[in-house]
Amino acid sequence: MEKPLYTVTSTPHIHSTDTIDKTMRYVLLALVPATIAGVVFFGLRALMIILISIAAAIIFEVLFQKTAKRPVTVSDGSAAVTGLLLGLVLPPAVPLWFPIVGAFVAIIVVKQLFGGLGQNFLNPALAARAVLMAAYALPMTAGFFEPQGLYNWTDIDVVASPTPLAIIGSEGFYPAAADFVAAFVGNISGSIGETSVIALLIGAAFLFYKKVISWHIPICFIASAGVFVFIFNPNMLALYHLITGGLMLGAFFMATDYPTSPMTPMGKVVFGIGCGILTGIIRLFGGFPEGVAYAILLMNLTVPLIDRYVRPRVLGTKRRGA
Amino acid sequence: MSLIKAVKRFKKGVLDENPIFSQAVALCPVLAVTTSITNGIGLGLATLAVLTASCLVVCALRRFIPTQVRIPCFIVISATFTTIVRLLMEAFLPSLNEALGIFIPLIVANCIVLARMESFAAKQPPVMVLFDSAGMGLGFTGALAIIGVVREILGLGTMFGITVMPEAFPRATIMIMPAGGFFALGFIIAGLSAFKKRRA
């Protein structure tokens, strides 16, 4: 039989080579510097928490999909990303079963019960952190310590030390006490993966380069948080706020999560500014020293609304009022 | 014959048409008071008493209540019994009464009570009504007790106020907060419907 000259197919003809696996692998790669920084500063215990978190997330995903007789999609790496992010947002001295409870909330409650990948209405890792915070407030707030070096396997109460934001929250701000270099490198008290700004920026640059994330959400998020803090504290505090706490990790890796962020560039700008202002409000006026997680979770809930109001104009239709 | 039917009705109220787990009605008091088993059972039994008594009265008066104003009549009847129950609890169970607070007076507007009066008691003979309201009331009490057990054990590590979990067991404060009520209820309903699906 003669080979046909043309293969006739319907549109689309241009296929993107982006797949879920690939995107997830990029995100995992981009998180490697922050993970390494976390382990270097907070020791093998931090590595243990991260590994348990990833393992638990993967196991819960497989267990649920097997039990519910759904196709097992754990090899797409999304569970591993959730597990890694969960490990990175936990304080380094929490008990080792914390990531297991957290992974249960993230994977089973937030992700799978709502339909699995792409159906979650909240960021799973942050939702898990919020639940852990509500359930076990004491270990979550007392689980921070000053960086102790790689081979540290310390107990919680020996060196417990509040985060810079907690100190600002309770004692006010002393510009002299703010060590910008330490905060930039990550040599400060904080959650495992959030302290090293430089490592997070390297990861973020990689994601930008691979076009996994666009600039809208992170830049609007960070800028609006900075402007908000600056309005109420017109001094160095505004800058220090940007490089401490979970702002960098949240802005680049959490707020940009596809299912829980708007689809259009305009929507992303609105989303990012909303996150930034909420973060500023919670940090300066709220009961908690840190507000990135809650800001992102709250804005997650507004995503369907944002998407509804910032629909792009269909090509060829009239502009409103034109 | 009618007794078999009545017993079936009773079983339906407790299991198949359980007001919480199957119908998912009256959730507000459920989520509010099930922070402990004692509170759950207390509200359940109070509701059971009001439900049975007012359904029987509605049943007895069903030919005299004008259709147009039946809802106000139902409310007056259930308010009467709620007041009686509240006064009795104030006198004999003051601590439980204090723990349940506003949710005892609110039994007046409990939708299980109203629904049973409207859809069953006003149309059926007294024996059936008795078994129906007893089944619904006990189903409600049982559901409250089950949610109470889950929340009290996970949130406080106690049962009926007695410590049952070792000190090392971490108390998940969220379980005795309102959000924990939703978690417990959701997981129990999910488990039950999975179980039913498997059996069917």
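Every chain is numbered from 1 and lettered A, B, ... according to where its sequence line falls, protein lines coming before strand lines.
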Check: Are there more than 12 heavy atoms of other residues, nucleotides or ligands under 6.0 Å from atom CZ of B:Phe64?
Finding: no
Check: For A:Tyr136, does its backbone N or O pair with a side-chain atom of B:Thr173 as donor and acceptor, under 3.5 Å?
Finding: no
Checklist line | Segment of A:Val101 engaging chain B (4.5 angstrom heavy-atom cut-off) | finding: neither
Notebook entry, point to check: If you count the non-hydrogen atoms of other residues, nucleotides and ligands that lie under 6.0 Å from NZ in B:Lys196, is the total more than 12?
Noted result: yes
Next item on the list: Under 4.5 Å, heavy atom to heavy atom: which of residues 112-129 of chain A reach chain B? Give them by number, or say none.
Entry: A:Leu113
Next item on the list: Flag yes if more than 12 heavy atoms outside A:Tyr258 fall under 6.0 Å of its OH atom; otherwise flag no.
Entry: yes
Margin query: Using only non-hydrogen atoms and a strict under-4.5 angstrom cutoff, which residues of residues 39-51 of chain B touch chain A?
Written below: none
